[in-house]
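As a basis for the values below, the full set of heavy atoms in this structure was taken, side chains included, without hydrogen atoms, waters or symmetry mates. Numbered from 1 within each chain, the chains take letters A, B, ... in sequence-line order.
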Amino acid sequence: MEGLIKLWGDTGLANFVPGQIVMMLVGALLLYLAISRGYEPLLLLPIGFGCVLANIPAAGFTDEGGLLWYVYHVGIETGIFPLLIFMGVGAMTDFGALIANPKMLFLGASAQFGIFATLFGAIALNLVPGFEFSLADASAIAIIGGADGPTAIFLASRLAPDLLGAIAVAAYSYMALVPIIQPPIMKALTTPAQRKIVMEQLRPVSKKEKVIFPLAVLFLTILFLPAATPLVGMFCLGNLMRECGAVDRLSNTAQNELINIVTIFLGLAVGSKLSAEKFLTVETIGILVLGAVAFSIGTASGVMMAKLMGKFSKTPINPLLGAAGVSAVPMAARVVNKVGLEANPHNFLLMHAMGPNVAGVLGSAVAAGILLALVG
Amino acid sequence: MEGLIKLWGDTGLANFVPGQIVMMLVGALLLYLAISRGYEPLLLLPIGFGCVLANIPAAGFTDEGGLLWYVYHVGIETGIFPLLIFMGVGAMTDFGALIANPKMLFLGASAQFGIFATLFGAIALNLVPGFEFSLADASAIAIIGGADGPTAIFLASRLAPDLLGAIAVAAYSYMALVPIIQPPIMKALTTPAQRKIVMEQLRPVSKKEKVIFPLAVLFLTILFLPAATPLVGMFCLGNLMRECGAVDRLSNTAQNELINIVTIFLGLAVGSKLSAEKFLTVETIGILVLGAVAFSIGTASGVMMAKLMGKFSKTPINPLLGAAGVSAVPMAARVVNKVGLEANPHNFLLMHAMGPNVAGVLGSAVAAGILLALVG
Amino acid sequence: MEGLIKLWGDTGLANFVPGQIVMMLVGALLLYLAISRGYEPLLLLPIGFGCVLANIPAAGFTDEGGLLWYVYHVGIETGIFPLLIFMGVGAMTDFGALIANPKMLFLGASAQFGIFATLFGAIALNLVPGFEFSLADASAIAIIGGADGPTAIFLASRLAPDLLGAIAVAAYSYMALVPIIQPPIMKALTTPAQRKIVMEQLRPVSKKEKVIFPLAVLFLTILFLPAATPLVGMFCLGNLMRECGAVDRLSNTAQNELINIVTIFLGLAVGSKLSAEKFLTVETIGILVLGAVAFSIGTASGVMMAKLMGKFSKTPINPLLGAAGVSAVPMAARVVNKVGLEANPHNFLLMHAMGPNVAGVLGSAVAAGILLALVG
Amino acid sequence: MDISEALATAANIMLLGMVCVFVFLGMLVLALKVLEKVAGGEVVPAVGVVPTKSNIQVDANVTAAITAAVHKFRQTKSND
Amino acid sequence: MDISEALATAANIMLLGMVCVFVFLGMLVLALKVLEKVAGGEVVPAVGVVPTKSNIQVDANVTAAITAAVHKFRQTKSND
Amino acid sequence: MDISEALATAANIMLLGMVCVFVFLGMLVLALKVLEKVAGGEVVPAVGVVPTKSNIQVDANVTAAITAAVHKFRQTKSND
Ligand code: NA
Ligand code: NA
Ligand code: NA
């Protein structure tokens with residue numbers, strides 16, 4: 001009888017607090033979005049599952065010595081997991097389209113206005129009672145506009161660990177929502193004639209260019225922005241392993257087994273930060289709103305820049321390409337392609353959009369470095 | 001000359017103590033069983049090798065800073081390795097047969113009587129002079145009857161780390177011996193007519209059912225037995241990744257490279273606990289005897305339950321299926337199939353036996369949770 | 001404006017110290033050798049990249065909490081990474097050629113004279129002002145002559161961590177230079193007639209022999225040289241997993257994904273030791289010179305031993321085989337084959353050279369154990 | 001704790017444990033019955049070997065190669 | 001730091017950040033222009049699917065097998 | 001420790017080390033001779049490329065596919 005009472009006293013039923021129930025529903029929602037809607041399932045499934053585990057009453061997953069506690073401290077507090085993901089992404093990324101058309105980097109640059117405008121917006125939100133974002137908080141929130149998961153997690157782990165859960169969830173959710181968020185903005189800022197513009201075919205790119213590219217990027221980062229070298233450096237390492245042709249077995253492992261293993265743990269660790277006391281706050285609402293704003297501003301800035309560049313360019317530039325500058329690889333490039341096809345069924349923009357798309361990855365890593373240098 | 005003396009003083013020959021020699025022979029025996037007899041080679045080979053390494057005189061594998069010391073502290077003391085194995089096993093397990101015939105869960109439940117009866121037996125063994133099992137020791141020993149390696153290692157690392165080596169070795173050895181231990185018990189408790197019973201074909205199972213199943217199991221565990229959520233949670237995560245279809249690359253890595261890497265280290269770490277002073281004790285004999293008893297009682301309970309259920313069931317139930325309830329996946333199910341074929345050469349029970357077999361995995365994880373809640 | 005000054009103050013341009021620039025060039029040189037010249041790219045690419053990252057001013061890769069700091073402390077200070085590499089190499093090594101012709105072990109033994117002569121040379125170098133190698137330093141430097149990367153890294157991490165970067169770079173560079181270093185020595189010490197000697201075909205080797213071989217090696221090491229058991233033990237574990245046929249999935253993972261993952265991190269960690277204050281010293285010049293000497297002496301000793309053995313052997317022995325005794329698998333064996341073909345276009349020595357080649361691996365692991373026992 | 005007390009505790013755990021295991025897995029049985037009602041019915045093979053991606057790929061490669069080869073061969077033949 | 005001061009700082013960072021991003025990526029544009037001069041020109045497809053090693057292997061295997069099979073078949077035919 | 005002493009130690013280690021390496025590997029030679037007596041004799045190729053599982057699979061697939069293709073082709077031919 002005593003044992004029965006003890007067992008009952010240990011059940012979830014006897015220990016649930018309301019916040020945990022809500023967070024479990026949040027976790028279930030993430031799982032639903034990942035599995036049934038296909039929203040960034042590789043990350044949102046482990047994040048959602050981690051959220052559920054972290055909120056089990058009396059199970060101790062996030063207490064010192066618990067599974068998620070170890071995973072978070074080993075992988076995210078040290079910054080190692082997002083950097084390994086970045087290495088793997090580098091090993092998966094083909095910069096050919098960007099090397100063939102370097103101007104696309106300006107689209108990737110202007111789309112970062114989503115980040116910096118949101119930083120300002122987050123500070124402005126402090127005018128609303130209940131919000132008290134520090135500059136570090138605001139920077140971590142703003143990076144959502146970079147539309148790049150590992151960059152957001154890395155920066156949040158450095159500047160605002162308490163907000164990491166909400167920031168990561170917002171970043172991946174909006175990346176999945178790119179096909180819904182971007183098209184209206186793209187259409188509002190362009191005329192059908194502009195959307196029909198056909199781009200010139202990309203020039204061939206030599207292997208040598210592809211090998212030197214990551215080294216050149218790293219070199220510039222070393223010279224001008226060492227704070228960005230962890231992110232950019234690991235990304236370039238991955239890309240160098242991919243392109244050099246001498247270490248294919250390392251490159252394959254980096255972009256397959258290693259990134260898969262790290263993804264599982266990264267997701268669980270992010271999910272472990274989704275506790276009621278940290279997520280069920282007014283800040284989270286602010287973060288979600290600001291994240292949506294950041295994506296929208298980034299998209300609009302990219303499109304406007306593409307229009308501007310088109311005016312001065314010798315070769316025509318389809319302004320839709322600017323939307324791909326937010327990164328969200330390869331989703332944003334696909335959205336550009338789709339919206340372009342709606343206007344001109346023979347105009348395939350996918351390859352051209354990959355240029356600004358990968359430029360956006362570099363752009364947000366650079367922006368993260370700037371924020372680290374100024375605020376960190 | 002001085003150097004020669006120093007070298008001689010460092011040789012194994014000059015430093016061996018008798019216990020180490022015996023433990024090396026134990027390690028060699030495990031290697032022999034793994035390689036030549038095919039007894040659970042994936043685990044017993046690394047365990048045997050780890051046992052040999054751990055008992056090398058003056059090599060310091062298990063001293064602080066030694067290889068096996070690191071592996072044990074990082075992987076087993078934290079509980080992480082068995083949990084990752086469980087995730088991988090979840091990603092390898094098809095619950096279709098169980099979902100199609102849920103009653104089989106009762107077979108998986110009754111086979112756990114092997115665990116709880118052995119717990120009683122272990123305490124009773126204290127009546128024999130020389131044995132002094134605490135309740136925690138007895139629980140860790142009893143879980144051998146669960147016939148599930150990672151569950152046994154996880155529980156032993158929590159309740160009785162000193163006995164971990166002997167418990168793990170016993171668990172895997174008896175799992176390998178299932179084809180020898182079970183058939184006599186199965187035949188003694190059933191008539192040839194009963195063994196000939198043909199089961200109805202299993203109904204088809206939808207993908208949706210398979211996706212919801214791990215979530216339902218996790219949900220019940222959260223509500224009623226949070227202590228079991230580390231084991232059950234990671235198992236369900238693996239199974240969800242497998243069945244949801246959205247994260248195949250994670251699922252493949254979890255059930256291949258990740259589980260392989262962890263298996264090597266887990267085996268070495270378990271082997272590192274096979275030191276003379278902890279293994280060459282009267283307790284080890286007790287553990288080996290109790291483990292055999294546990295398997296036998298579990299098998300018998302399963303078969304008896306299947307006979308009982310057959311009496312009340314509308315559709316016929318072959319009592320042999322009960323033996324598969326101990327888990328030992330997929331060995332026990334194969335044994336059921338083989339014994340069934342001996343009685344009726346046209347009666348293939350393998351698929352039907354997979355139901356109680358995987359139910360046994362859940363059953364012993366639940367039993368482990370109960371023991372953790374009551375004793376831990 | 002203030003922000004701009006802060007950003008400028010953080011740039012690499014404003015913080016570079018001359019030593020870092022030189023080390024970056026060293027890193028770039030290693031990358032060039034790896035990528036364009038194909039010099040041991042699997043290791044030299046990550047080492048070169050790690051060297052570049054470690055010397056970025058104000059980026060903190062090697063400060064406590066930095067990425068490379070973690071990687072070094074977790075993987076090399078503990079000795080775990082080189083041991084895992086060794087396990088993987090064991091799983092990739094076929095000892096068939098050696099088992100078929102055990103005498104080849106004497107070639108692998110005599111080539112280790114390169115190690116011990118270099119140890120003497122390193123101490124003798126203390127006569128030159130500016131050099132102050134301790135016995136531990138000298139031993140770590142000498143192991144370069146073993147022509148085996150993980151052995152060199154393991155021993156250096158134990159005996160002379162400050163010299164680890166230079167030692168590892170020297171070891172891998174000279175291994176890559178084997179096709180340039182060895183042929184002149186081989187030709188100087190042999191006559192064309194000797195180089196034309198055709199070897200008898202190797203006898204078939206049974207699976208049983210291959211399975212027992214790693215166990216026999218481990219057994220002898222346990223008896224006579226426990227200090228070598230970490231290296232030899234992990235090597236034998238990998239080889240046993242390969243040959244036993246019962247754990248192919250573990251063996252495949254050990255020789256593919258696991259070794260690839262560890263290789264990336266090992267390379268980065270080694271590169272992190274290439275800092276200006278530790279590499280840009282007169283000691284490094286000494287290490288590079290001694291390393292070249294060690295390779296040359298090892299090659300010469302092997303060839304001389306092969307000539308000596310040929311005089312007493314019933315079956316003919318091509319003295320070129322001795323050069324393969326330095327290890328540098330499989331480069332040295334290929335060099336033997338090539339030089340042999342130059343003398344006799346129908347004489348394929350590759351398979352015969354694999355015997356002394358893998359014997360050299362064992363030989364240098366044994367030599368490392370002796371040095372650890374005497375000096376460590 | 002003397003031995004008889006320990007035995008009583010052990011018996012207690014034995015009883016309680018078996019009850020809990022049965023209750024827990026019994027609830028799962030109920031849950032699965034509900035699940036079948038809610039989500040079952042789709043007719044796909046319950047269990048069986050699903051062709052893996054690599055097999056399919058190989059087969060596709062093989063088929064394509066053979067198609068080409070046989071086609072070529074046929075042409076060669078017809079030119080004879 | 002009061003809110004207006006914080007806003008000023010944020011505006012400052014916004015301006016500075018965008019300038020830096022543009023300068024940095026602008027320099028990369030220049031670098032790529034130089035790179036094209038130095039290393040460009042090799043005519044290989046800019047982007048597209050590169051056959052992976054395993055594909056090549058399979059194809060080689062397939063080709064070898066088919067060559068053998070067709071050869072054998074031809075011989076068989078000629079013996080008819 | 002002055003330099004001449006250090007040199008003496010180094011020479012000592014050199015001698016001792018080479019002796020130990022030779023003794024150790026010499027014992028291994030003996031062990032291998034014994035091993036050949038005990039376990040040798042099975043006639044399998046000593047060294048060479050062992051077909052990996054995936055190769056075998058591919059070959060099996062290929063063979064099956066070709067068998068089918070050639071069979072089909074033969075039938076087609078005979079219908080001509
Ligand atoms: Na971006
Ligand atoms: Na069980
Ligand atoms: Na060597």
Sort [X] into side chain, backbone, both or neither according to what part of it lies under 4.5 angstrom from a heavy atom of chain E.
{"X": "F213(A)", "result": "both"}
{"X": "T221(A)", "result": "both"}
{"X": "T118(A)", "result": "neither"}
{"X": "V211(A)", "result": "neither"}

Would you say F131(A) has more than 12 foreign heavy atoms packed within less than 6.0 Å of its CZ?
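Yes, the 6.0 Å shell around CZ holds more than 12 heavy atoms from other groups.
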Quick check: closest heavy atoms across A39(E) and S206(A), and the distance to 0.1 Å?
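Looking at all heavy atoms of both residues, the shortest contact is O-OG, 2.8 Å.
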Minimal non-hydrogen separation, E36(E) against E209(A), with atom names
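Where E36(E) meets E209(A) most closely, the heavy atoms are CA-OE2, 3.4 Å.
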Checking L16(E) against chain A: side chain, backbone, both or neither under 4.5 Å from a heavy atom?
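Only the side chain of L16(E) comes within 4.5 Å of chain A.
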In terms of relative ring orientation, are F106(A) and F22(E) parallel, tilted or perpendicular, with 30° and 60° separating the classes?
parallel
Just how far is it from atom [atom1] of [X] to atom [atom2] of [Y], taken to the nearest 0.5 Å?
{"X": "M18(E)", "Y": "I370(A)", "atom1": "CE", "atom2": "CD1", "value": "9.0 Å"}
{"X": "Q112(A)", "Y": "M14(E)", "atom1": "CD", "atom2": "CE", "value": "14.5 Å"}
{"X": "K210(A)", "Y": "L35(E)", "atom1": "NZ", "atom2": "CG", "value": "12.5 Å"}
{"X": "L374(A)", "Y": "I13(E)", "atom1": "CG", "atom2": "CD1", "value": "5.5 Å"}
{"X": "L25(E)", "Y": "L220(A)", "atom1": "CG", "atom2": "CG", "value": "9.5 Å"}

Pair L105(A)-L32(E), side-chain contact (heavy atoms from CB on, under 4.5 Å): steps then yes or no
CA-CA 10 Å; L105(A) 279 162; L32(E) 286 179; 3.9 Å; yes
Can you tell if the side chain of I115(A) reaches within under 4.5 Å of the side chain of V21(E), non-hydrogen atoms only?
no
Per-residue contacts, residues 120-130 of chain A versus chain E, heavy atoms under 4.5 Å
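The residues closer than 4.5 Å to chain E, in numerical order, are F120(A), I123(A), A124(A), N126(A), L127(A).
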Any idea which of V38(E), V29(E), L30(E), V23(E) has the most non-hydrogen atom pairs under 4.5 angstrom with chain A?
V29(E)
Between A138(A), A367(A), S110(A), the one whose heavy-atom pairs under 4.5 Å with chain E are most numerous
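The residue among A138(A), A367(A), S110(A) with the greatest pair count is S110(A).
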